[in-house]
Number of protein chains: 2
Amino acid sequence: MKHTYDYPRPAVTTDCVALRFSAGHLKLVLIQRAHKPFKNAWALPGGFLDMDEDLKTCVCRELEEETGITNVFVEQIKAYGTVDRDPRGRTVSVAFLGLMNPDDSQLDAGDDASDAQWFRIDQLPKLAFDHGQVIKDALALLRTKVRSEPIGFELLPKKFPLRDLQRLYEIILDQSFDKRNFRRRILDLGVLVDVGQVEKNSKHRAAKLYRFDRKKYKQMKKNEVAFKL
Amino acid sequence: MKHTYDYPRPAVTTDCVALRFSAGHLKLVLIQRAHKPFKNAWALPGGFLDMDEDLKTCVCRELEEETGITNVFVEQIKAYGTVDRDPRGRTVSVAFLGLMNPDDSQLDAGDDASDAQWFRIDQLPKLAFDHGQVIKDALALLRTKVRSEPIGFELLPKKFPLRDLQRLYEIILDQSFDKRNFRRRILDLGVLVDVGQVEKNSKHRAAKLYRFDRKKYKQMKKNEVAFKL
DNA sequence: TGAACAAGGTGTGATTTGCACACGAAGTTT
DNA sequence: AAACTTCGTGTGCAAATCACACCTTGTTCA
């Protein structure tokens, strides 16, 4: 069955820069291309928009179909639509940043049944299309947002020690923080609660676990108090 | 001539939130709809993406065609693609923020040959489609960007008194600043130069004129000095 | 022509915020 | 029990931010 229009239309796709914080590094899932343009290069997961789904729905569906990953926090980056971005024909792609929590450790060292693999963001392979630029923009967005919104927590398990939170921020922002100042600043925001447990299996003194309290955050916003790192 | 594809495709459009700073207010250009969906409501200028133009080219072209406005600084907001945003059929629209400088006072009190009109952003009429949300997002983007990048100057003439710059920031950010602190902060950034002239036609003591120096700004960025209001 | 008016332009001290910094406590290993 | 590793905590100094008032300049109008 064909679909016909009075004027030509570009294809609309979504792409996802899906990030995961693991072993002290930010990692990104990519898919190796098997076919013609950019054959063997690596590309962001993504695909065509269906007529009955929203952009967010589309990017989540494609991510699951291509990598098995579900349960991702997604946020739009922007649309990419230069004329020649795909040699096969005109496409406009809406890119999303996806953050997942390492609990569900779906596909870690590379589900080798699939052609999806995780790469450290500082060790990326050759990329297809304009995906290198998309990834740059995604990381820039992450850096900006993480300073003014509590999206860092999307990359951590529900319960986490402050050490991990600090390491995550250090990785994302590529700078180091003084431990005492970092802890004070984060705790003074008043959006973390001590869950009254400590980590298990630690080789040394066990750290207390905290969780992010979304209700306290909302209240904080209502009171016009800023989340500023 | 018809255009046929194997799978259905949404139409791709661009929309522009074109702002102008005039008489102490931010104003936005809108077009009154003459036809069916949202008849008589007001809509953002915009239209269909041609196959041989980039998104930015498209939004500038549509803005010129519908309002006569040229020479606009544009920056992408994001793509809007909910399934039911246009009752006539599936469309994905990429929205842009457009900032223009009041020198070229093209179409001020409403070029009445056209159906385009300027509205104060705090006095908007009934809006078509999801354009109310788009405008909200545009203003939020403007507020964010204006704090960390020198885009405010896009809304002023080349030469301007510091008073006008302060008023602009106060309007955009919806807060007032102490005159002395504001002037110190802006001048200490080192990106403004005194052009050695004063305003004409002022009813009282004439203010000195300044201009934004893009070269100094670039150098400032290179030296990793931040532009922070 | 000078008095009244309106807006322009300038500096200081008080408060707050940010930053650097070190050590005892807890738990594990040998 | 000694050695090791990581956890968790408070203070003082420097820098940045904020609040604040008056004289200057130019115009208008009596």
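Numbered from 1 within each chain, the chains take letters A, B, ... in sequence-line order.
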All N/O donor-acceptor pairs, side-chain side in residues 208-219 of chain B, below 3.5 Å, sequence neighbours left out:
residue, atom, partner, partner atom, Å
B/Asp213, OD1, B/Lys215, N, 3.0
B/Asp213, OD1, B/Lys216, N, 3.1
B/Arg214, NH2, B/Glu154, OE2, 3.4

Atom pairs and distances, donor-acceptor, side-chain atoms in residues 136-148 of chain A, under 3.5 Å, two or more places apart:
residue, atom, partner, partner atom, Å
A/Asp137, OD1, A/Gln133, NE2, 2.9
A/Asp137, OD2, A/Tyr80, OH, 2.5
A/Thr144, OG1, A/Ala140, O, 2.9
A/Lys145, NZ, A/Glu75, OE2, 2.4
A/Lys145, NZ, A/Glu149, OE2, 3.3

Quick one: does A/Ile172's side chain get under 4.5 Å of A/Leu155's, heavy atoms only? yes
Going by the angle between their ring planes, with limits at 30° and 60°, are B/Phe153 and B/Phe227 parallel, tilted or perpendicular? perpendicular
Evaluate the side-chain proximity of A/Tyr169 to A/Gln175: yes if any heavy-atom separation is below 4.5 Å, no if none is. no
Can you confirm whether A/Val191 sits close enough to A/Met220 that some side-chain heavy atom of one is under 4.5 Å from a side-chain heavy atom of the other? yes
Below 4.0 angstrom, N of the basic side chain to O of the carboxylate: do A/Glu170 and A/Arg163 qualify? no
Near DNA chain D, counting only heavy atoms under 4.0 Å, which residues of residues 160-171 of chain A show up? A/Arg163
Side chains of B/Gln166 and B/Lys179: do they bring a donor and an acceptor to under 3.5 Å? no
In whole Å, I'd like the distance from the CZ atom of A/Arg185 to the P atom of C/dT17. 13 Å
When every nucleotide of nucleotides 20-30 of chain C is labelled 5' to 3' by its protein contacts under 4.0 Å (heavy atoms), B for base, S for sugar-phosphate only, - for none, what sequence of letters results? BBB-BBBBS--
side-chain contact (heavy atoms from CB on, under 4.5 Å) assessment of A/Phe182 paired with A/Leu165: CA-CA 10 Å; A/Phe182 181 85; A/Leu165 184 63; 4.1 Å; yes
Round to the nearest Å and state the distance from B/Tyr210 atom OH to C/dG9 atom C1'. 9 Å
For DNA chain D, which residues of residues 222-229 of chain A approach it to below 4.0 angstrom with any heavy atom? none
For a 4.0 angstrom threshold against heavy atoms of chain B, report the outermost contacting nucleotides of DNA chain D in 5' to 3' order. D/dC18 to D/dT27
Which of A/Val59, A/Leu63, A/Val72, A/Leu44 passes side chain to side chain contact (heavy atoms under 4.5 Å, CB included) with A/Phe96? It is A/Val59
Determine, for B/Trp42 and B/Arg33, whether the Lys NZ or Arg CZ falls below 6.0 Å from the six-membered ring centre while staying within 45 degrees of the axis. no
Across the strands shown, which category fits B/Arg183 at heavy-atom distances under 4.0 angstrom: base, sugar-phosphate, nothing? base
Using distance alone, with no hydrogens and no angle criterion, decide if A/Asp54 and B/Thr82 have a side-chain donor and acceptor under 3.5 Å apart. no
Would you indicate whether B/Asp174, at its atom CG, is surrounded by more than 12 heavy atoms from other residues, nucleotides or ligands within a distance under 6.0 Å? no
